[in-house]
Amino acid sequence: MPLWERSRIVSVLAVASLLTVAAAAPARADEVEQVRNGGFDGTTDPFWSTAGMPMTLTDGQACVDVPGGTTNRWDVAIGQNDLPLVAGESYRFSFDASGTAGHVVRAIVGLAVSPYDTYFEQSPVLGDLTHYSYTFTAGAGTAQGQVAFQVGGSADPWHFCVDNVSLAGGVPPEVYVPDTGPRVRVNQVAYLPDGPKTATVVTDATTALPWQLNDAGGKVVARGSSLPRGVDVSSGQNVQTIDFGRYTRAGTGFTITADGETSRPFDIGAGAYRTLRADALKFYYTQRSGIAIDGALRPGYARAAGHIDVAPNQGDGNVPCQAGVCDYTLDVRGGWYDAGDHGKYVVNGGITTWEMLNEYERSHAVRNVGLNIPESGNRVPDILDEARWELDFLLSMQVPAGKPYAGMAHHKIHDQNWTGLPLLPDQDPQPRELHPVSTAATLNLAAVAAQAARIYCTYDKAFAARALKAARTAYAAAKANPALYAPGTDGTGGGAYNDDKVTDEFYWAAAELYLTTGEKAFAGDILASPEHTADVFGASAFDWASTAAAGRLDLALLPNKLPGLAAVRQSVVAGAEKYLAVQKAHAYGVPYAPANNMWDWGSNSIVLNNMVVLAGAHTLTHAPKYRDAVLTGIDYVLGRNALNQSYVTGYGEVSSQNEHSRWYAHQLDPALPNPPAGTLSGGANSSIQDPYAQSKLTGCVAQFCYIDDIQSWSTNEEAINWNAALSWVSAFVADQA
Ligand SMILES: [Ca+2]
Ligand SMILES: [Ca+2]
Ligand SMILES: [Ca+2]
């Protein structure tokens, strides 16, 4: 899960002249101008610029020669302070700007004093003089607001000019209307030839509509009649569904026409899933900490190693604890960066690694999937090499013998303070800190290390033995410290990942230890756990905080001799029946219906993880309905949804591109890439916690609570646990072909 973070500028605070000059660019009669002398009439006062970069007046504009060789956008800037902002008021921020072609200005409205909160920001790429205008709603009120034009971060010197700077209050809030394209919604990637094929048409019609399936040449190859479904709660749209499953011939470039609209194109075939299952796993190599990314393996994604103790980095080879937490340092290099930040969190690393290793245990084909990683060709399946990168990190987070809480795992390691975007991993200047141990992190380590012990024994006996020893030690330490909870308040510089219910982690760890060792003591703990007979398949099957279903699925599906296994297996089938019923009732075929229609953070991963339960029921019963439910469910993620877009970068005619990340920050810096193909966006989130989403989506209905912008960290981040769900399900789909 990505983080609750506040986007902050770590700004050089420039001192404004207090000279007040009448505003030169008059606002409309009903709007109130906040900026003084935005037209630069005869003077640049009261604007300021950072030391060493004087403003000059040129043709009535303020211009600067921007020095080269700075690192961050905020290292050099011009701006104006002491602007009042009223919480909840809508403002239009506009200006004319020009710059040496291809350079970027980060234009912000924020707080002029510590902690320099950013209320609104845009980073246009400059060229000839252009008018820029944006509307946003202030999330906070202050008398110390600021507009600033941050122009740092360029290796080369360049020239920047700005004029007619305006911040007008009293404007009507902008009504954001997403471009959702044609009203016929399909899986824009592919349907399997022998799988179910359904589409959704958004329409005012309440009686059945004729539809036709067209091949790439426009020839009609199938026809039928749609099924009226009424108003879909998750979108507020009146919809009908189209079932074209009887058409089974493979091909590319199909479309569906209904109600006068033609869908985006799609394939019928399995090839895309063979590519997707690999891409979803290739995601992890460029997410690695502690290693340089080789451009020969990932063209366009080469970068220096992050956090290997080379300045300006301050770790991770010798990381101390937060003050008063411990008296030692640990070498915690490696692992994956969690999401769009540079933190590493044991609970999220744990569930991610479990799902990846589970894919290995459940899908034989994945052993032969090459991932173009440095370890390709070493006779170990690449998926295990990739998971090992994280496993070694997780093991390094365990408290050494002889120290207080020996055998427990530190909850997380991350920056002391939040950093801004963009920021390459090797450029992160923040001190790194170990946070206190937690029972949840310790049990994650126990579960995943135990799972690793049975999987890696074929390839690396010494590692398998070390992992099992660490798992036993962690499990015993958690039993001795059963209620050390990471607090929800520990969210500065990294996500809190707080969890104060750990019966599920105890159950999961006992299950993995039992599956690996067969020992009676672990069976006893499983049978005594309240989770063992509880209904663990709720609206969301499992995630980093709720892990009971992970244990239940493994007990049901992996070889073992636990007493009462029939009931364990039946519980998985019963869970799948619930998701199947939810999906059947859903006009977009989504096996997810949270209480009060409040879609959760990272909803795409929830949809996919619920499908892992459906896939489990298929493995247990071989009933085609569960397989078909998975094949239908993935349509939602790949385009059959209210926004008519795929949530996987590079898949589908229209897909997420600008996931929140400090280094895939192409939207903020054209020199950086977008996330690689096969990156899953978090997706619709009813609570829209970030200011950018709030400025565009307030009042949104479930599926519409999403925007493909790098600033929307609550709807559009990338994360290791989410891609694990995509990887698992795309592998299952590929295996069905
Ligand atoms: Ca002017
Ligand atoms: Ca390999
Ligand atoms: Ca828990």
Take Trp544 and Asp499 through the side-chain contact (heavy atoms from CB on, under 4.5 Å) test and state the conclusion after the steps. CA-CA 9 Å; Trp544 60 266; Asp499 179 7; 4.3 Å; yes

Under a 3.5 Å distance rule, please check whether Glu717 uses its side chain to pair with a backbone N or O of Gly340 as donor and acceptor. yes

Applying side-chain contact (heavy atoms from CB on, under 4.5 Å) to Ile634 and Val729, what does each step give before you reach the verdict? CA-CA 8 Å; Ile634 204 165; Val729 173; 3.9 Å; yes

For the residue pair Glu718 / Thr679, report whether a side-chain donor-acceptor contact shorter than 3.5 Å exists. no

With a 4.0 Å cut-off on N to O distance, would you call Arg388 and Asp460 a salt bridge? yes

Just checking, any donor-acceptor pair under 3.5 angstrom between side chains of Asp543 and Asn609? no

If you measure from the Lys or Arg side-chain nitrogens to the Asp or Glu carboxylate oxygens, is any gap between Arg552 and Asp554 under 4.0 Å? no

Do Val346 and His410 have side-chain heavy atoms sitting under 4.5 Å apart? no

What heavy-atom pair brings Asp279 and Gly678 nearest, and what distance separates the two atoms? CB-CA, 4.0 Å

Taking atom types as modelled, find out whether Arg298 and Thr286 have a side-chain donor-acceptor pair closer than 3.5 angstrom. no

Search all heavy atoms of Leu515 against all heavy atoms of Pro559 and return the closest pair with its distance. CD2-O, 3.9 Å

Without hydrogens or angle criteria, can the side chains of Trp389 and Glu375 be said to hold a donor-acceptor pair below 3.5 Å? no

Please tell me whether Ser656 and Tyr706 have a donor and an acceptor in their side chains that are separated by less than 3.5 angstrom. yes

Got a sec: does the NZ of Lys469 have more than 12 other heavy atoms crowding it under 6.0 Å? no

Please check if the side chain of Thr632 supplies one atom and the backbone of Ala629 the other of a donor-acceptor pair under 3.5 Å. no

Tell me yes or no: between the side chains of Ser234 and His586, is some donor less than 3.5 Å from an acceptor? yes

Distance-only polar pair, side chains of Asp243 and Thr198, donor-acceptor under 3.5 Å: no

Could you pull out the closest heavy-atom pair between Tyr191 and Asp635, with the gap in Å? CE2-OD2, 3.4 Å

Between Arg627 and Asp194, is there a side-chain N and carboxylate O pair less than 4.0 Å apart? yes

Polar contact flag, side-chain donor to acceptor under 3.5 angstrom, Tyr475-Asp525: yes

For a quick check under 3.5 Å, do Ser655 and Gln657 share a side-chain donor-acceptor pair by atom type? yes

Using ring centroids (six-membered ring only for Trp), state whether Trp663 and Tyr337 fall under 6.0 Å. yes

Tell me whether the NZ or CZ atom of Arg185 lies within the 45° cone about the ring axis of Tyr588 and under 6.0 Å from its centre. no

I'd like to know if the side chain of Thr352 pairs up with that of Tyr284 as donor and acceptor (distance under 3.5 Å, no hydrogens or angles considered). no

So, do Tyr592 and Tyr636 have ring centers that fall under 6.0 Å from each other? no

Around atom CZ of Arg249, are there more than 12 heavy atoms from other residues, nucleotides or ligands closer than 6.0 Å? no

Could you check whether Tyr507 and His532, counting side-chain N and O atoms only, form a donor-acceptor pair closer than 3.5 Å? yes

For Tyr459, does the six-membered ring have the charged nitrogen or CZ of Arg379 within the cation-pi criterion, i.e. under 6.0 angstrom from the centroid and within 45° of the normal? no

Output field: ring centroids Tyr247/Phe266 closer than 6.0 Å: no

Steps toward side-chain contact (heavy atoms from CB on, under 4.5 Å) verdict (Phe537, Phe542): CA-CA 8 Å; Phe537 301 107; Phe542 59 87; over 6 Å; no

Do you see a donor-acceptor pair shorter than 3.5 Å between the side chains of Ser646 and Tyr651? no

Any donor-acceptor pair under 3.5 Å linking the side-chain atoms of Asn685 with those of Trp599? no

Can you check side-chain contact (heavy atoms from CB on, under 4.5 Å) on Glu512 and Val448, steps first, answer last? CA-CA 7 Å; Glu512 298 302 338; Val448 178; over 6 Å; no

